[in-house]
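See below for the structure under consideration.
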Amino acid sequence: MSLAQVHHISAAPGDEEAGGRFTAVGPGVSAALLAELEPLVGYELPDGVPHRPADAELRSLPQAFIYAVLSDGSRTVGRTAPARGDGTAPVRFHTHAVHIPPGVPLPGDRLPVEAWRSPHWVSATPVGGGALSDPLAMLPPGPAPVREGLDDFAVSRGPWLAAVLADLRRASEEEAPAGGPVVLVEKQSADVARWLGLAAVTLPRESVERLTFTTYTRRPGASALRVVGALPEDAAAAREAGLRVHVCADRPPVDGAPDVWARTAARVWRSRAPELFEEARGLPGDPFAAGPLAVIALCAGVALGPEERAAAAGWAAERPYALDAKRTGQLVEALTSPGIDDRTGSEFDAVGRLFGALDGRCPAAVTAPLAAMLVTEAVRGGNGSLELPRRDAFVGPDGEAIAKVLAPEILTELESSAGGGRPVARTVQLLRVARLLGVNGTEMLPEVADRLARTTLTEADGSEGTPAFAPALLELLDEQFDVRTALLGALDRIAPEDPGAVARFLERVALPFTGTQALPHLRMCAEVPGAMTTLGRDRTAVWHRVLRAAGLSPFAEPLVLRTGVGLVWEDRAPTVEEARLLLEAATSDAHRAAGTWARLVDAALGAPADTEDGTALAHDLLRAFPQEIGGRERAALQLLELCRDLRSGAPEPGWTEQVRTLRDRAAPLEPALQERAFTTLAERLLAPDRPGAELYAFVRSDDADLIAAYDRAARAEPTRTRLRTHPAYAADCFTNWTAHPHAGTAWTTTAAALLDEVLRPAVRGMTAEAVAEVEETVGRTGSSGRANAFRDWNRSRALGRLGRRIAGRVRRG
């Protein structure tokens with residue numbers, strides 16, 4: 001069918017009164033469509049064009065080649081070009097357009113952009129309304145005319161290719177992207193058309209047909225088309241309008257396009273191989289996935305970057321059936337090329353997946369280079385996430401060759417003394433590759449396993465949840481029985497040093513230690529979470545259950561004591577009651593070998609002041625571990641033992657001074673222990689049967705802390721009750737509290753306060769007979785002068801004056 005043609009003359013520059021007009025309209029183009037078409041073909045001259053341009057200047061003006069979709073679904077392809085006018089209008093802008101009805105393809109099923117070089121566009125309306133040859137129907141056959149020079153153009157625009165192609169792809173989506181058109185800034189409008197020619201070759205046909213465009217406009221922000229061309233002078237305004245602007249006539253961009261497909265397409269163009277786009281569209285997958293195009297490019301020898309190679313390997317791994325043997329071999333050869341030095345971890349991971357997909361599907365000669373590349377990267381590149389080949393991938397000369405190269409490197413790194421700082425994933429990978437290549441490392445395995453065990457615990461404690469290395473480690477233990485035996489044995493030996501860390505690790509990584517190895521400490525560490533859940537706060541019961549899980553008696557293996565105590569009490573000390581049970585559960589020799597006696601000492605020293613069993617525990621510990629306990633701890637336990645003797649009533653003489661001596665040796669003394677010792681001493685000094693020499697030594701010591709403890713004990717209710725109910729005791733206290741007037745300040749102040757604030761209320765509450773008994777006892781045990789002093793004291797309220805009188809009478813007596 002013949003397509004309707006339209007001719008239009010735009011207004012002359014500077015002639016605001018004259019509007020543009022259609023000078024010829026073919027059949028079937030309605031007035032409504034003409035009204036819609038007119039804004040699309042309007043033309044504005046660039047800045048700086050003279051009023052009467054010379055012929056050369058006229059020819060150099062930009063032409064607007066346009067493709068648009070109208071509201072009724074029809075389309076139009078046209079060209080607007082400046083032309084020589086008459087005397088009053090030296091420049092006119094003539095549009096020659098073709099209207100394509102809805103559903104009608106272009107002649108020859110061509111693409112709109114193919115018409116931009118058609119020789120049948122005219123710059124004047126046909127005289128007399130006669131018809132001209134259709135610019136679309138008379139196109140030369142084949143793609144050569146439209147593609148002519150595109151390779152050179154693509155190479156010249158290499159820095160912009162990827163970014164522009166990425167934006168053109170987005171602009172060709174079924175739903176036009178928000179944000180306005182893509183703006184291509186070139187000095188020549190023909191170069192904008194060349195960009196559209198690149199898009200026509202690169203994009204699928206349905207995408208190209210959606211790509212409406214014009215090669216020149218002064219107002220990009222007002223255009224409803226998807227791609228517009230502009231001159232450099234209008235680039236700033238387009239940017240200010242928030243449009244995607246590519247200034248291809250300026251300095252190359254610094255940032256590359258993140259679109260891997262676009263980068264791959266750019267490399268294909270720079271390699272002058274546009275035929276590969278059509279070839280890639282024959283492969284399955286998304287038309288804009290980078291994988292198919294990258295595969296075809298690599299097979300054709302096009303050099304790609306690491307992300308593009310990874311995309312090719314990943315796509316081929318998912319569809320190994322999509323490539324024939326020839327292309328598969330070409331792809332493997334390209335991926336394993338020795339000239340590539342920029343491979344990344346993601347690329348190696350993709351190659352690993354490709355090897356897994358091809359292994360067994362292709363001959364070993366095809367996959368062997370992939371296997372060699374993977375194990376070489378595993379050893380030299382440190383990529384711990386690689387999917388390694390199977391062991392039989394290296395059977396024969398290929399395996400011997402790669403093993404000969406890599407074995408010394410593997411053994412050297414495994415033997416390195418710096419292995420303690422080597423990540424777990426790295427050690428696991430080296431051990432797996434060593435087995436894969438048949439490298440013999442039996443002699444070094446115990447040392448390697450010990451370092452691996454310690455690093456495993458360190459990394460696990462420093463991570464949240466399941467450690468990242470866990471899957472690879474478990475796979476290693478499943479593959480290599482000798483490594484599993486060595487590693488589990490190493491962890492079992494380490495467990496007594498830090499059982500809490502091992503227990504936390506086993507909760508997050510289920511190690512396979514259900515075999516014949518004894519592994520008592522690992523079994524204890526695995527048992528403790530369940531025991532605590534079941535038995536709750538009964539730590540002694542938890543300890544017994546965990547100890548049973550070891551399967552060994554502490555008499556046979558004392559270290560299970562240390563592991564059990566570390567698991568149940570961690571960094572806390574047992575209570576005194578728990579410590580006594582622990583001491584009874586095993587011999588002192590077992591606790592000595594396990595080092596758990598120190599925990600028992602901590603329990604005794606940290607016991608609350610009102611815990612009576614602490615003194616008995618101290619007594620037992622001093623006799624059970626006489627050589628181990630020394631220094632401050634020994635003095636503190638001896639102080640506790642002395643408290644026990646003071647309460648039993650049979651201490652060795654000189655115990656007042658001994659308390660002070662042990663207190664100083666045990667410094668810094670635990671507050672509860674000091675309180676217990678001082679309180680016990682004070683209570684013993686307040687007892688009716690205390691030796692006078694001890695009280696004398698106490699008073700003369702002028703020890704402020706001890707005297708303060710004595711003051712508190714004297715004011716306690718048991719002493720007050722005894723004072724009120726036992727006249728003889730009240731008399732004894734009066735005698736003691738008045739017998740040392742020349743002692744230090746601490747004692748004299750305390751004694752005076754006790755007389756006035758403790759003894760006086762007690763005596764006043766007595767009957768007359770009891771008071772008389774107190775007075776008689778004071779006189780009988782002291783002197784008549786002291787009895788008189790008591791009478792005066794009992795009558796007087798002025799303690800200061802009484803004190804002076806008492807002191808005078810005592811001296812006269």
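We use all heavy atoms of the structure for the numbers below, so side chains are in, but hydrogens, waters and symmetry mates are not. Note that the structure is predicted; figures quoted are calculated from it, not measured.
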Electrostatic pair Arg539:Glu570 at N-O distance under 4.0 angstrom: no

Distance col, row Thr680:OG1 vs Leu642:CG, nearest 0.5 angstrom, shows 8.5 Å

In this structure, CZ of Phe469 is separated from CG of Leu476 (nearest 0.5 Å) by 12.0 Å

Practice task
Output, in order, the C-alpha distance, side-chain angles, deciding distance and verdict of side chain to side chain contact (heavy atoms under 4.5 Å, CB included) for Leu431 and Leu414.
Solution key: CA-CA 8 Å; Leu431 289 171; Leu414 286 175; 4.1 Å; yes

From the list Thr328, Leu358, Asp359, side chain to side chain contact (heavy atoms under 4.5 Å, CB included) with Pro320 holds only for Leu358

Report task. Flag the pair Leu354 / Leu335 as yes when at least one side-chain heavy-atom distance between them is below 4.5 Å, and no otherwise. Result -> yes

By side-chain hydrogen bond (donor to acceptor under 3.5 Å, both in side chains), Arg712 pairs with (sequence neighbours left out) none

Once you measure the plane-to-plane angle for Phe625 and His591, does it fall in the parallel (<30°), tilted (30-60°) or perpendicular (>60°) bin?
perpendicular

Do the side chains of Arg632 and Glu670 get close enough for a salt bridge, i.e. N-O under 4.0 angstrom?
yes

Closest non-hydrogen contact found for Thr427 with Arg422 is OG1-CD, 3.2 Å

Q. Is the number of heavy atoms from other residues, nucleotides or ligands within 6.0 Å of CZ (Arg435) greater than 12?
A. yes

To the nearest 0.5 Å, atom CG of Asp703 lies from atom CZ of Arg663 at 4.5 Å

Handout entry: Worked check of salt bridge (Lys or Arg N to Asp or Glu O under 4.0 Å) between Asp645 and Arg684
Key = CA-CA 10 Å; Asp645 293 342; Arg684 186 70 182 87; over 6 Å; no

One should read off an interatomic distance between Asp259 CG and Glu307 CD, to the nearest 0.5 angstrom, of 10.5 Å

Self-check item: Salt-bridge contact Arg523-Glu527 (side-chain N to carboxylate O under 4.0 Å)
Solution: no

- Near Arg623 CZ, under 6.0 Å, is it more than 12 heavy atoms from other residues, nucleotides or ligands? yes

Would you call Met373 and Val332 a side-chain contact if the rule is heavy atoms closer than 4.5 Å? no

* Could you check if a side-chain atom of Pro467 sits within less than 4.5 angstrom of a side-chain atom of Glu459, using non-hydrogen atoms only? => no

Quick one, Arg665 with Arg634, criterion side chain to side chain contact (heavy atoms under 4.5 Å, CB included). Give me CA distance, side-chain angles, the key distance, then yes/no. CA-CA 9 Å; Arg665 290 179 183 172; Arg634 184 173 188 81; over 6 Å; no

request  = Verify, without hydrogens or angle tests, whether Thr456 (side chain) and Leu452 (backbone) share a donor-acceptor contact under 3.5 angstrom.
outcome  = yes

Where the side chain of Arg644 meets the backbone of Leu640, is there a donor-acceptor pair that is under 3.5 Å apart?
no

Q. Do Trp569 and Glu578 get their side chains close enough for a donor-acceptor pair, meaning under 3.5 Å?
A. yes

_Surrounding CD of Glu717 (heavy atoms of other residues, nucleotides or ligands, distance under 6.0 Å), is the total greater than 12?_
yes

Here the pair of heavy atoms bringing Leu445 nearest to Asp482 is CD2-O, 3.7 Å

Any side-chain heavy-atom pair from Trp543 and Leu561 closer than 4.5 angstrom?
-> yes

| query | Is there a side-chain contact between Arg562 and His521 (heavy atoms, below 4.5 Å)? | reply | no

| task | Please check if the side chain of Thr455 supplies one atom and the backbone of Val424 the other of a donor-acceptor pair under 3.5 Å. | result | no

Is any side-chain heavy atom of Phe513 closer than 4.5 Å to one of Leu506? yes

Quiz prompt | Check: Arg647 and Glu683 side chains under 4.5 Å, non-hydrogen atoms | solution = yes

Closest non-hydrogen atoms of Phe355 and Pro389, given as atom of the first, atom of the second and distance, are CE2-CB, 3.1 Å

Student check: side-chain heavy atoms of Leu437 and Ile410 closer than 4.5 Å | yes

Exactly one of Leu511, Asp450, Leu473 clears side chain to side chain contact (heavy atoms under 4.5 Å, CB included) with Leu487, and that residue is Leu473

For Ala603 and Pro574, the nearest pair of non-hydrogen atoms, with its separation, is CB-O, 3.1 Å

Please tell me whether Thr442 and Asn440 have a donor and an acceptor in their side chains that are separated by less than 3.5 angstrom. yes

Check ion pair Arg599-Asp602 (N to O, under 4.0 angstrom): no

May I ask you to say whether Glu318 pairs ionically with Arg353, meaning some side-chain N is under 4.0 Å from a carboxylate O? no

Hits for side-chain hydrogen bond (donor to acceptor under 3.5 Å, both in side chains) against Glu308, two or more places apart or cross-chain, chain-then-number order -> Arg263, Arg267

Run the numbers on Asp498 and Ile494 for side chain to side chain contact (heavy atoms under 4.5 Å, CB included), then give the verdict. CA-CA 7 Å; Asp498 192 355; Ile494 293 172; 5.7 Å; no

Salt bridge check: are Asp664 and Arg660 linked by an N-O gap of less than 4.0 Å?
no

| field | Residue pair Arg548 / His544, side-chain donor-acceptor N/O under 3.5 Å | value | no

**Report entry** Under 3.5 Å: donor-acceptor pair, side chain of Arg592, backbone of Trp597
**Finding:** no

When every non-hydrogen atom of Ala607 is compared with those of Ala672, the smallest separation belongs to O-CB, 3.5 Å

- Going through the checks in order, is the side chain to side chain contact (heavy atoms under 4.5 Å, CB included) test met by Leu681 and Trp655? CA-CA 8 Å; Leu681 173 64; Trp655 39 266; 3.2 Å; yes

On a heavy-atom basis, the closest approach of Ala550 and Pro520 is O-CB, 3.5 Å

